Amino acid sequence: NAGVTQTPKFQVLKTGQSMTLQCAQDMNHEYMSWYRQDPGMGLRLIHYSVGAGITDQGEVPNGYNVSRSTTEDFPLRLLSAAPSQTSVYFCASSYSRIDYGYTFGSGTRLTVV
Amino acid sequence: GQQLNQSPQSMFIQEGEDVSMNCTSSSIFNTWLWYKQDPGEGPVLLIALYKAGELTSNGRLTAQFGITRKDSFLNISASIPSDVGIYFCAGLSWGKLQFGAGTQVVVTP
C-alpha cells in the first residue's frame, strides 16, 4: 500500500515548456486535490476532484489543467510554464466520508527558469 | 485569496512550555483539520474535528471546533524538541480542503 505517489520529485523547466506532474493513489479514495506551496503562503488549492470524471477549480487554477479519467490518477498539467509557477506542488487524496482527512504525497519541487 | 486566517505566524518557545494557535474563517466548514509539516515532507494529519463545539485530544495535542463552525484552535502541551515544524489548520467542505498560512513553531532547549 504505497499511499499517494508523486512523480517527479524535482523538475527544472524553461519558460514556455509544458509538463505533467503525476499523482497516483492506491487507497481507492474518491477525493483528490492539487496544492502549491510558496514561502509564507501556506498551501493553496489549485484544482480538486470528488470522483472520476469530476474536477473543479480551487483558489489558483490559472495556468494549470487537470483531468480525472480514473479513480487512481489525477495528473496536473502545465501548458506553458512561467517563472511564477516555481513552487512545491503537493497532491492529496481522501475518502469522501467526513471522518477521514486528506493524505498527502511527498511533493514535487518545480523550478521554472 | 485564502479564506482562513491563522495566527500567530511564528512562535519561539522553550521546551516544556505550552503552545496555542488558532484559525478563523469567513466561511463555515463541515470539518476542521490540523496538520504538521516537517521540512521537505508533505503535511501529516494530527487531529480532525467533525462537530461544532467538539474538543478532541491526541496525546499532548488538543483541538476544538468552534461553535460557529468558523474557527478552531490547537494547543500543544509541554512542548518537546520534535514539536518543531509548521502547523496548518485546514477547513474541509464538500471535498474542498483549504489551508491557513501556517504557524512556524521553534522549540529551544
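Remember, predicted model here, so these are calculated numbers, not experimental data. Lettering of chains follows the sequences in order, A, B, ..., and the numbering in each one begins at 1.
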(Q) If hydrophobic clusters are built from ILVMFWY residues whose side chains come within less than 4.5 Å, do B:W32 and B:L61 share one? (A) yes
Q: Answer yes if A:L21 and A:Y102 sit in the same cluster of Ile, Leu, Val, Met, Phe, Trp and Tyr residues linked by side chain heavy atoms under 4.5 Å apart, and no otherwise.
A: no
Between [X] and [Y], which heavy-atom pair has the shortest distance, and what is it?
{"X": "A:F90", "Y": "B:Q37", "value": "CZ-NE2, 3.4 Å"}
{"X": "A:Y35", "Y": "B:L97", "value": "OH-O, 2.6 Å"}
{"X": "A:L43", "Y": "B:F99", "value": "O-CB, 3.5 Å"}

Q | Contacts of B:F88 that satisfy ring pair (Phe, Tyr, Trp, His ring centres under 6.0 Å) - sequence neighbours left out | A |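 For B:F88 there are no ring pair (Phe, Tyr, Trp, His ring centres under 6.0 Å) partners, ignoring immediate neighbours.
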Q) Can you check whether A:F104 and B:Y35 have ring centres sitting under 6.0 Å from each other? A) yes
Q: Quick one: name the residues clustered hydrophobically with B:V106, using the 4.5 Å side-chain heavy-atom rule over I, L, V, M, F, W, Y, and just say none if it's on its own.
A: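 Besides B:V106, the cluster holds B:F12.
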**Q.** Segment of A:Q37 engaging chain B (4.5 angstrom heavy-atom cut-off)
**A.**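 For A:Q37, the contact with chain B is made by the side chain alone.
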Q. Do other residues, nucleotides or ligands put more than 12 heavy atoms under 6.0 Å from the CD atom of B:E15?
A.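 Yes - once you tally the heavy atoms of other residues, nucleotides and ligands closer than 6.0 Å, there are more than 12.
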**Q.** Partner of B:K96 by side chain to side chain contact (heavy atoms under 4.5 Å, CB included), out of A:L45, A:V50, A:D56
**A.** A:L45
